[in-house]
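Notes to accompany the following structure.
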2 protein chains.
Amino acid sequence: MAVGPTLGRRLPVMADVAKEAGVSHQTVSRVLNDHPNVRSETRTRVLEAIDKLGYRRNLVARALVTKRSRTLGVVSFDTTLYGPASTVYGIEQAARSAGYFVSIVSLKSIDKGGVRDALDYLADQGVDGVVVVAPQRSAAQALADLPLGIPTVAVEGGQAGEVSVVCVDQIAGGRLATEHLLSLGHETVWHVSGPSDWLEAEGRVAGWRAALEQAGREAPQPLAGDWSPRSGYEAGRSLARMKNVTAVFVANDQMALGVLRAFTEQGVRVPGQVSVVGFDDIPESAYFSPPLTTIRQDFDAVGRHSIEVLVRQLEGGLEERQRLVVPPTFVPRVSTARV
Amino acid sequence: MAVGPTLGRRLPVMADVAKEAGVSHQTVSRVLNDHPNVRSETRTRVLEAIDKLGYRRNLVARALVTKRSRTLGVVSFDTTLYGPASTVYGIEQAARSAGYFVSIVSLKSIDKGGVRDALDYLADQGVDGVVVVAPQRSAAQALADLPLGIPTVAVEGGQAGEVSVVCVDQIAGGRLATEHLLSLGHETVWHVSGPSDWLEAEGRVAGWRAALEQAGREAPQPLAGDWSPRSGYEAGRSLARMKNVTAVFVANDQMALGVLRAFTEQGVRVPGQVSVVGFDDIPESAYFSPPLTTIRQDFDAVGRHSIEVLVRQLEGGLEERQRLVVPPTFVPRVSTARV
DNA sequence: CACTAAATTGTTAGCGCTAACAAGACCTCA
DNA sequence: TGAGGTCTTGTTAGCGCTAACAATTTAGTG
């Protein structure tokens with residue numbers, strides 16, 4: 001029988017390949033899905049037909065019948081910031097290499113409604129699972145309260161109810177910074193914290209406090225910032241006015257930049273008079289004046305792990321929720337010195 | 001006839017709603033799609049049934065028959081960087097408010113194969129259109145050469161063949177920076193450029209050169225960087241050694257940070273001895289030492305416009321390709337001064 | 001070599017939805 | 001009052017794929 005593939009403008013479908021290869025469409029499907037019981041000669045014939053026609057499988061149709069879209073959703077807060085951006089980047093890379101597409105929802109503000117809407121939105125789209133980057137208590141709370149229809153992993157999500165969590169050990173980070181400063185002989189360590197509704201900020205405060213307590217030192221009143229350089233600048237001006245400040249642990253690098261700026265303006269030498277430690281290790285911090293000693297968060301690892309956990313949950317069947325903690329690392333530079 | 005919706009664990013489908021409301025599934029479909037010819041009483045009944053059953057339409061099935069997924073693809077290079085991250089953020093916000101989902105592919109390196117693979121990948125997923133953030137010449141070239149099956153918009157993509165382009169006027173930006181420095185009385189302006197295969201870098205060089213030429217000044221040899229603070233630092237060390245340098249236009253803020261660092265180390269005062277202008281206006285630059293005069297790119301607007309163009313192309317039928325240019329703005333701070 | 005087990009292929013149904021057509025209800029106006 | 005229209009709803013088909021089962025061929029065994 002003469003083979004004549006329909007050549008309209010229409011993209012070829014499985015039936016066209018089947019006709020071309022002289023088999024049934026099901027056999028084509030089997031080849032595409034690496035089904036074991038296909039004669040290797042048949043397989044080659046099908047593969048050739050696919051190649052010849054430039055056939056590409058319609059994943060939407062596939063998703064309809066398998067009820068799996070091989071798409072993962074990501075909900076994040078302001079992906080303009082370095083941390084979330086890096087985490088999402090790690091997630092995307094890991095997801096893609098695990099064979100999943102990534103659909104993103106980037107929230108302007110995280111409140112319960114926002115998180116729920118985002119989750120609904122992604123569920124509508126038919127994602128197989130979701131990663132929620134939930135650094136604020138409100139987001140973690142929203143997640144804990146929500147009746148989740150789909151497998152979910154929270155990043156930086158505290159002890160978020162039913163879902164698995166992947167996070168950086170913020171407490172350890174706070175300790176690392178504080179202990180470093182104490183080891184240099186500073187009597188005590190001041191702290192510029194992040195906004196109080198962020199779990200990360202809270203963890204860093206806790207680590208700082210714990211380290212001071214362990215060393216038998218009084219913890220001064222922390223100064224609250226909002227992660228922005230501007231708030232760090234303001235905190236820095238306050239600190240510069242105090243005479244007994246010799247060491248400051250700032251909850252992120254951007255605020256540390258503001259602190260450094262304020263100190264420079266007020267003629268406070270770093271690290272001559274005051275030592276400063278930041279948090280995050282953004283690419284710029286090595287070129288601050290002076291280069292900033294900081295605590296590095298491996299955002300990439302966090303992203304990767306979150307996908308690992310999610311995919312295992314998706315493909316490995318019903319696994320109980322996990323909690324994966326990524327350790328931070330200490331990055332010494334020149335903004336800290338002995339008293 | 002007694003109404004009894006099947007209540008297994010199974011999610012309700014359109015037929016369930018139809019049964020509940022005592023209509024045909026097609027009528028439910030019509031209500032959902034705002035079809036005009038539905039009696040308002042029927043509509044209410046259907047809506048009630050939907051509400052009662054908690055029905056949500058299966059968008060995958062819908063996509064299969066309509067051949068539209070209401071998903072847009074985004075291909076970008078390293079979304080960890082501030083520029084791409086902000087652009088993608090703008091794209092995502094705009095797409096969502098236009099009723100589209102966003103699927104992201106973030107490339108580690110942009111070569112022709114990478115762009116093609118990403119495009120294929122997204123096409124497989126069934127996206128309706130694609131935004132390619134193609135700041136490198138290689139990416140723009142790849143895009144120009146590719147036989148595109150789906151509507152595409154290039155961001156920062158030069159004169160990219162067949163596709164519409166949305167970009168910031170880099171030449172104007174380069175001029176703005178240079179003219180500002182000249183207006184302060186500097187004899188000439190040095191330049192630390194971005195990598196030569198980036199269109200943005202090229203545009204800034206061109207603007208800088210044009211401004212110098214127009215003022216009848218000699219253009220010194222530009223120093224090539226790679227956008228990183230480290231490369232700016234190295235360029236800064238070179239510049240610090242030259243005696244006749246009084247003004248430098250650096251192609252991005254991160255490199256400018258490196259330049260400032262090098263100057264500080266070498267005891268070169270900014271803006272006392274040398275004036276520096278950056279590019280991008282990253283959030284940190286207002287807190288550099290000294291706060292950086294720079295050229296602001298409205299990434300958000302670029303993202304929004306790219307979606308506008310794409311959606312118009314998608315929904316408004318076959319429109320010819322466009323070129324939309326977003327002007328940069330001058331942000332004066334303290335790193336520049338009169339000679 | 002008959003006879004079962006395994007490998008290989010084909011056939012049929014249906015995922016949940018929308019498009020296209022068909023049919024009945026209701027209206028208009030000569 | 002009845003031919004022609006408009007509104008409203010229902011019926012049927014099919015998007016492109018995989019699952020389940022049926023049918024066929026091939027291999028394996030005493």
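Naming: A, B, ... by sequence-line order, numbering from 1 per chain. Atom set for the values below is all heavy atoms of this structure, side chains included, hydrogens, waters and symmetry mates excluded. Model, not experiment: these values are computed from the prediction.
- Judged as a ring-ring contact (aromatic ring centres under 6.0 Å, His included), and not counting sequence neighbours, the contacts of B:Tyr82 are B:Phe299.
- Among the protein residues, A:Ser24 comes within range of the nucleic acid bases, having at least one heavy atom under 4.0 Å from a base atom.
- A salt bridge links A:Arg70 with A:Glu315: the closest approach of a Lys/Arg side-chain nitrogen to an acidic carboxylate oxygen falls below 4.0 angstrom.
- DNA chain D is contacted by both B:Gln26 and B:Leu64; B:Gln26 maps to the nucleotide lying nearer its 5′ end (nearest heavy atom per residue).
- Checking the phosphate oxygens (OP1, OP2) of C:dT8, no side-chain nitrogen or oxygen of A:Thr27 falls inside 4.0 Å.
- Panel note: side chain A:Thr44, backbone A:Ser40; a donor-acceptor pair is recorded below 3.5 Å.
- Nucleic acid contact class of A:Asn37 (heavy atoms, under 4.0 Å, all strands): base.
- The residue A:Val60 sits apart from the nucleic acid: no heavy atom pair falls under 4.0 Å.
- What separates NE2 of A:His35 from P of C:dG10 is a distance of 13 Å, to the nearest Å.
- Between B:Tyr121 and A:Phe101, the ring-plane angle classifies as tilted under the 30° and 60° cut-offs.
- Contacts classified as salt bridge (charged side-chain N to carboxylate O under 4.0 Å, His left out) and involving residues 76-99 of chain B (residues at least two apart or in different chains) are given here: B:Glu92-B:Arg96.
- Of the two residues contacting DNA chain D, namely B:Thr42 and B:Ala61, the nearest-nucleotide position lying further toward the 5' end is that of B:Thr42.
- A:Gln125 and A:Ser103 form a side-chain donor-acceptor contact under 3.5 Å, judged by distance and modelled atom types alone.
- Listed by first and then second residue, the salt bridge (charged side-chain N to carboxylate O under 4.0 Å, His left out) pairs involving residues 27-44 of chain A are A:Arg39-A:Glu41, A:Glu41-A:Arg45 (not counting sequence neighbours).
- Comparing the start and finish of the helix from C:dC1-D:dG30 to C:dA30-D:dT1, five pairs each, the helix axis swings through 40°, to the nearest 10 degrees.
- Closest heavy-atom contact between B:Leu310 and B:Gly129: CD2-C, 4.0 Å.
- Chain A approaches DNA chain D within less than 4.0 angstrom (heavy atoms of the protein), and the contacting nucleotides run 5' to 3' from D:dG16 to D:dA20.
- Backbone-only contact: A:Arg57 has heavy atoms under 4.0 Å from sugar-phosphate atoms and none from a base.
- Residues in residues 113-129 of chain B take part in these salt bridge (charged side-chain N to carboxylate O under 4.0 Å, His left out) pairs, two or more places apart or across chains: A:Arg56-B:Asp120, A:Arg56-B:Asp124.
- Regarding contacts with the backbone of C:dT9, a side-chain N or O of A:Arg39 is found under 4.0 angstrom from either OP1 or OP2.
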